[in-house]
Amino acid sequence: MLWSDPENEPPEELRETQAMMRRAGLLLALAMVLGMFVVGLR
């Protein structure tokens, strides 16, 4: 690595988008589990 190389970190927008996608994925997984539970109770 040269000192003049750009830093290898994603821009702020991309980091925010990644965080949002992680939260959405977690929410979706929780909703799926809840849905399976509700369907199992019937």
Student: If you measure from CD on Glu16 to CD on Gln18, what distance do you get to the nearest 0.5 Å?
Tutor: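 Going from CD on Glu16 over to CD on Gln18, the span is 11.0 Å.
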Student: Got more than 12 heavy atoms from elsewhere within 6.0 Å of CD, Glu12?
Tutor: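 It does: Glu12 CD has more than 12 such atoms within range.
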Student: Using the side-chain contact (heavy atoms from CB on, under 4.5 Å) rule, pick out the option among Val39, Leu41, Val33 that qualifies with Phe37.
Tutor: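 Testing Phe37 for a side-chain contact (heavy atoms from CB on, under 4.5 Å) against Val39, Leu41, Val33 leaves exactly one candidate, Leu41.
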Student: Which value, rounded to the nearest 0.5 Å, describes the distance between Arg22 atom CZ and Thr17 atom OG1?
Tutor: 11.0 Å
